[in-house]
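Side chains are part of it too, since the values below use all heavy atoms of this structure and drop only hydrogens, waters and symmetry mates. If you read the sequence from its start, that first residue is 1, and numbering goes on from there.
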Amino acid sequence: MRADSSHVPYKRSPVMIEDLFVRNKAWSAERKAEKADYFERLSTLQQPDYLWIGCSDSRVPANVIAGLEPGEVFVHRNVANLIHPADLNMLSVVEYAVHQLGVKHIIICGHYGCGGIRAAVSGERFGLIDHWLQPVRDVADRQFSCRECWSDTDLDRLCEASVAAQVERLARTPTLQAAWQAGKDVAIHGWVYGLQDGLLSDLKCTVRGVRGG
């Protein structure tokens, strides 16, 4: 009786660090074969319309899942795609994107199955990351009755709620307030990505225009 290969777990061959240079050369050659001036054009132009604030999860590469080319999206990633008002790294990226690059859309994108979301409400202690994930617990405490038994569905809803909360947090930052008061046309969107189907969903929590402090 033959085994059903559809139930065999996918195993990827290990990639050695040296292989990355080989893959890079192949990728570069493919791009130049498609368009001879691909890298020449890319090196002289960065005018993205989008700033993507996403999770550091390796399965969620911004330009790949959005079908965008390098140069078309400015990217910042951190664990669980959180907006911390004291995160100077993130704030610097946002300020540069809004005031220098002139992006029109900021997309805060979470993803179902996020390890950061799960860790935040697991009740376990992981060290420094526990402080980073506090905004997720704040959302959980305000909006959910779950305290110990979080199902996958509960975690998905928490992921969505956290994204919406980060949209509001970013909208209240001085950088966005100043941009809107200066008449800049920039909107903040909340999206979520499905690892199971590769699809993006709009959470309908977009913020545009001047918001009160």
Side-chain angles (χ1 to χ4, degrees), residues 9-17 19-20 23-24 27 48 50-94 97 103 105-140 143-144 146 150-170 188-205:
Y10 173 73
K11 291 184 178 180
R12 182 172 182 174
S13 301
V15 178
M16 304 299 290
I17 191 70
D19 293 338
L20 300 183
R23 292 179 177 220
N24 168 251
W27 173 79
Y50 312 101
L51 166 61
W52 180 284
I53 300 177
C55 184
S56 298
D57 192 302
S58 61
R59 300 167 293 178
V60 195
N63 62 300
V64 175
I65 64 176
L68 297 172
E69 291 290 331
E72 293 183 325
V73 57
F74 201 53
V75 178
H76 175 79
R77 297 170 71 179
N78 62 54
V79 176
N81 43 271
L82 297 177
I83 303 298
H84 279 267
D87 180 0
L88 296 183
N89 184 358
M90 180 273 299
L91 292 175
S92 297
V93 169
V94 171
V103 300
H105 303 277
I106 301 174
I107 300 162
I108 300 178
C109 187
H111 67 95
Y112 298 129
C114 179
I117 296 292
R118 184 179 296 275
V121 294
S122 68
E124 299 180 45
R125 290 291 170 259
F126 299 95
L128 187 60
I129 192 67
D130 295 328
H131 301 279
W132 178 261
L133 295 173
Q134 185 59 44
V136 179
R137 287 190 290 274
D138 291 342
V139 172
Q143 300 186 33
F144 292 81
C146 307
W150 288 84
S151 68
D152 289 342
T153 299
D154 293 330
L155 291 171
D156 286 349
R157 300 294 82 77
L158 176 58
C159 175
E160 295 169 351
S162 177
V163 168
Q166 306 319 305
V167 169
E168 288 293 329
R169 286 165 74 96
L170 185 57
I188 311 171
H189 311 272
W191 293 1
V192 67
Y193 174 71
L195 293 173
Q196 298 295 328
D197 58 14
L199 295 178
L200 291 164
S201 298
D202 186 350
L203 296 177
K204 309 296 184 184
C205 56

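Asn63 is linked by a side-chain hydrogen bond (donor to acceptor under 3.5 Å, both in side chains) to nothing, counting only residues two or more places apart in sequence or in another chain. When the ring pair (Phe, Tyr, Trp, His ring centres under 6.0 Å) test is applied to Phe126, no partner is found at least two apart in sequence or on another chain. Partners of Thr153 under the side-chain hydrogen bond (donor to acceptor under 3.5 Å, both in side chains) rule, at least two apart in sequence or in another chain, do not exist in this structure. In this structure, Gln143 has no side-chain hydrogen bond (donor to acceptor under 3.5 Å, both in side chains) partners at least two apart in sequence or on a different chain. Partners of Leu199 under the side chain to side chain contact (heavy atoms under 4.5 Å, CB included) rule, at least two apart in sequence or in another chain, are Asp197.
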Output side-chain donor-acceptor pairs under 3.5 Å for residues 83-90, partner residues at least two apart or in another chain, one line each.
unit_1 : atom_1 : unit_2 : atom_2 : d
His84  : NE2    : Trp132 : O      : 2.8
Asp87  : OD1    : Asn89  : N      : 3.2
Asp87  : OD1    : Met90  : N      : 3.3

Sequence neighbours excluded and cut-off under 3.5 Å, please list the side-chain donor-acceptor pairs for residues 65-80, or say none.
unit_1 : atom_1 : unit_2 : atom_2 : d
Glu69  : OE1    : Tyr38  : OH     : 2.9
Glu72  : OE1    : Glu69  : N      : 2.7
His76  : NE2    : Asn78  : ND2    : 3.4
Arg77  : NE     : Cys55  : O      : 2.9
Arg77  : NH2    : Cys55  : O      : 3.3
Arg77  : NH2    : Asp57  : O      : 2.5
Arg77  : NH2    : Val60  : O      : 3.2
Asn78  : OD1    : Asn81  : N      : 3.2
Asn78  : OD1    : Leu82  : N      : 2.8
Asn78  : ND2    : Leu82  : O      : 3.1

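For the atom pair OG (Ser162) and CZ (Arg137), the distance works out to 11.5 Å, reported to the nearest 0.5 Å. If you take CD1 on Ile188 and CD on Gln166, they are separated by 11.0 Å, rounding to the nearest 0.5 Å. Rounding to the nearest 0.5 angstrom, the gap separating the CD1 atom in Ile117 from the CG atom in Asp154 is 12.5 Å. Summarising the geometry, atom CG belonging to Leu170 is positioned 5.0 Å from atom CD1 belonging to Ile106; distances are rounded to the nearest 0.5 Å.
Within the 4.5 Å cutoff, side-chain heavy atoms of Val121 are placed close to those of Leu155. For the pair Leu158/Trp150, a side-chain contact is recorded, criterion being any heavy-atom separation below 4.5 Å from C-beta on.
What you find for Gly113 and Asp156 is that their closest heavy atoms are N-OD1, 3.9 Å. Minimum heavy-atom separation, Ala119 to Leu133: CB-CD1, 4.0 Å. Nearest heavy-atom pair across Pro48 and Val103 is O-CG1, 3.6 Å. Between Val139 and Phe144 the shortest heavy-atom distance is O-CD1, 4.0 Å.
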* **Evaluation steps, side-chain contact (heavy atoms from CB on, under 4.5 Å), between Ile53 and Val94** => CA-CA 9 Å; Ile53 300 177; Val94 171; 4.1 Å; yes
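Pairs passing the side chain to side chain donor-acceptor pair (under 3.5 Å) check and including a residue from residues 110-127, sequence neighbours excluded, read Tyr112-Glu160, Arg118-Asp152.
With Trp191 as the fixed residue, the side chain to side chain contact (heavy atoms under 4.5 Å, CB included) test singles out one of Ile108, Leu203, Asp202: Asp202.
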